[in-house]
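Here's the structure we're looking at; comments come further down.
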Amino acid sequence: MLSSALRRADHALKSLSPGYFALVMATGIVSIGLRESGFDVVAHSLLAFAVLAYVFLAVLYVLRWVRYRPEVMRDLRDPEKSFGYFTIVAGTGVLAVGLLDTRFSGASVALMGLAALIWFVPGLSTPIGMLAVLSWSVGALLYAGIAVLIILRIVHLGLSAAEFEPTYWVSMGALAISVVAGTGIIDMTATPMVQAAGAFIGGTVISFWCFAAWLIPMLLAAGVWRHILNRVPLRYTPGLWSMVFPLGMFAVASMTER
């Protein structure tokens with residue numbers, strides 16, 4: 001009988017929800033509201049319950065981390081569950097506010113510091129994912145805008161063979177960089193922002209790679225037009241290195257696309 005109860009308790013520990021500290025959040029905020037309304041006895045009773053619940057849940061979460069660390073890490077990587085861990089931060093913060101005007105104000109300050117520290121663990125991956133998606137999106141939009149301006153210049157003003165410098169290969173290199181960066185975002189640890197934008201970034205990355213691949217024969221043909229048909233002398237200039245980097249980046253992008 002005892003072993004059966006222990007097995008059930010162990011299974012409950014293994015499947016413990018990351019969002020259980022919502023209990024502390026709810027109890028704590030009701031306690032604060034009742035205290036503000038003048039119901040001190042009930043407010044203090046609920047605050048005491050919130051403290052007990054916080055300690056009990058903290059012990060359970062530590063035990064789960066020690067005994068079932070892979071399950072904890074899987075929950076942290078799961079966008080649908082990872083936000084549950086923010087209830088630890090919120091619960092700690094609410095409890096700190098509840099204790100602020102009591103004789104346990106020292107514990108309130110410590111809890112506020114603990115809330116900031118705990119926030120850093122699940123919160124770090126989310127800002128990084130958001131920053132990565134934001135930076136990639138801005139870069140892709142800027143590339144599209146600059147590409148349109150270059151095309152308009154060529155259409156309206158034309159481009160002579162002498163003006164077609166090797167630096168035009170950078171246009172292909174920029175696409176390859178976007179492919180590598182986009183693939184890196186898709187391979188990041190899943191966060192809500194990364195997961196939400198993943199399908200769009202994946203489709204855009206494929207389109208960018210295809211466009212970069214299409215640019216290579218076009219740029220080579222433009223080089224034949226420049227040096228063979230129009231007899232522009234092929235001499236060493238630092239600008240020739242502008243061809244090497246884009247080709248190397250495209251090779252890396254092609255490997256990541258696989």
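By the side-chain contact (heavy atoms from CB on, under 4.5 Å) test, I201 is found to be paired with V133, W136, I185, I186, A197, V205, residues two or more places apart in sequence or in another chain being considered. With sequence neighbours excluded, the residues that form a side-chain contact (heavy atoms from CB on, under 4.5 Å) with L63 are L13, V59. In terms of the ring pair (Phe, Tyr, Trp, His ring centres under 6.0 Å) criterion, Y68 has no residue partners (sequence neighbours excluded).
Residues M25 and I32 do not share a hydrophobic cluster, defined by chaining ILVMFWY side chains whose heavy atoms lie under 4.5 Å apart. A single hydrophobic cluster is not seen to contain both V224 and V232; linkage of ILVMFWY side chains at heavy-atom distances under 4.5 Å, directly or through other members, places them apart.
For the pair V179 and F208, the tightest heavy-atom approach, listed with the atom from each and the gap, is CG2-CB, 3.7 Å. What you find for W225 and N230 is that their closest heavy atoms are O-ND2, 2.7 Å. A pairwise comparison of heavy atoms in W209 and S254 identifies NE1-OG, 3.0 Å as the closest pair.
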Under 3.5 Å, which donor-acceptor pairs link side chains of residues 214-222 to any protein atom two or more places apart or in another chain?
none

Side chains of residues 40-56: which donor-acceptor pairs under 3.5 Å do they make with residues two or more places apart or in other chains?
from	atom 1	to	atom 2	distance (Å)
H44	ND1	D40	O	3.3
S45	OG	V41	O	2.9
Y54	OH	T92	OG1	2.8

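The salt bridge (charged side-chain N to carboxylate O under 4.0 Å, His left out) contacts involving residues 43-66 comprise R64-D75, where partners must be two or more places apart or lie in separate chains.
L57 CG to L16 CG: the interatomic distance, rounded to the nearest 0.5 Å, is 7.5 Å. A distance of 8.5 Å separates CG in L234 from CZ in R226, rounded to the nearest 0.5 Å.
Between the side chain of S31 and the backbone N or O of T27 there is no donor-acceptor pair closer than 3.5 Å.
A side-chain contact (heavy atoms from CB on, under 4.5 Å) with L111 holds for exactly one of L99, V97, V94; it is L99.
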